[in-house]
Amino acid sequence: MPNNREGTALRAYQRKLVSSYTAIYKIVRQIPYGKVATYGQVAELADLPRRARLVGYALFRVDINSDVPWHRVINAKGEISESPFRQGGDYLQRSRLEAEGIEFSPQGKINLEKDQWRS
DNA sequence: ATAGTGACTGCCG
DNA sequence: TCGGCAGCCACTA
């Protein structure tokens, strides 16, 4: 029997978080080859409306060689969201997308009309 | 407890 | 078209 309220609250919080992450990865794995989805779109499909930032955190956690196609998730403007923490990782994301046939404008943008995944 | 930060978004001037 | 900003909420020191 737990005698520490904060301990149980923390565990409940962690369970909730893990289930959110699981839901996010499940959706991201469904994005087909050659298509992209936005953070907000993934959040909505994972039943986590308006929590685009959580999707960003979830993707930050995945291993770069994971089976989760994290590189197919971009922001609502059609750009790759850069982070100071992944030096070169943003370049890897772009090269992986280009390898799937996705084209970038000279401004580094993807045409969402054409390349966004419609579930 | 709390203030600062961010792999986000949509609105507004 | 574009930058600024509030809302957002998980995470950290």
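Lettering follows sequence order; numbering is per chain, from 1.
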Are [X] and [Y] packed together at the side-chain level, in the sense that at least one heavy-atom pair is separated by less than 4.5 angstrom?
{"X": "A:Arg94", "Y": "A:His71", "result": "no"}
{"X": "A:Gln30", "Y": "A:Ser119", "result": "no"}
{"X": "A:Val36", "Y": "A:Val73", "result": "no"}
{"X": "A:Leu54", "Y": "A:Leu17", "result": "yes"}

Side-chain ion pair, A:Arg50 and A:Glu44, N-O less than 4.0 Å: no
What is the distance, rounded to the nearest whole Å, between atom [atom1] of [X] and atom [atom2] of [N]?
{"X": "A:Gln116", "N": "B:dT9", "atom1": "CD", "atom2": "C1'", "value": "14 Å"}
{"X": "A:Ile80", "N": "B:dC8", "atom1": "CD1", "atom2": "P", "value": "13 Å"}
{"X": "A:Arg51", "N": "C:dC9", "atom1": "CZ", "atom2": "P", "value": "6 Å"}
{"X": "A:Lys109", "N": "C:dC2", "atom1": "NZ", "atom2": "C1'", "value": "9 Å"}
{"X": "A:Ile24", "N": "B:dA7", "atom1": "CD1", "atom2": "C1'", "value": "12 Å"}
{"X": "A:Leu48", "N": "B:dC8", "atom1": "CG", "atom2": "P", "value": "16 Å"}
{"X": "A:Lys16", "N": "C:dA10", "atom1": "NZ", "atom2": "P", "value": "5 Å"}
{"X": "A:Tyr39", "N": "B:dG6", "atom1": "OH", "atom2": "C1'", "value": "11 Å"}

Short side-chain N/O contact from A:Arg50 to OP1 or OP2 of C:dG7, under 4.0 Å: no
Check nucleotides 11-13 of chain C for protein N or O atoms closer than 3.5 Å to its own N or O atoms and list the pairs.
| from | atom 1 | to | atom 2 | distance (Å) |
| --- | --- | --- | --- | --- |
| C:dC11 | OP1 | A:Tyr21 | OH | 2.5 |
| C:dC11 | OP1 | A:Arg61 | NH2 | 3.4 |
| C:dC11 | OP2 | A:Tyr13 | OH | 2.3 |

Side chain of A:Ser81 - closest among B:dA7, C:dC8, C:dA10: B:dA7
Candidate nucleotides B:dT9, B:dA7, C:dA10, ranked by approach to the side chain of A:Thr38 - the nearest: B:dT9
Point-to-point distance, once rounded to the nearest 0.5 Å, from CD of A:Glu103 to CG of A:Leu97: 12.0 Å
Side chain A:Arg53 and base B:dA7 donor-acceptor under 3.5 Å: no
Exercise: identify the closest heavy-atom pair between A:Ala37 and A:Val42: CB-CG2, 4.0 Å
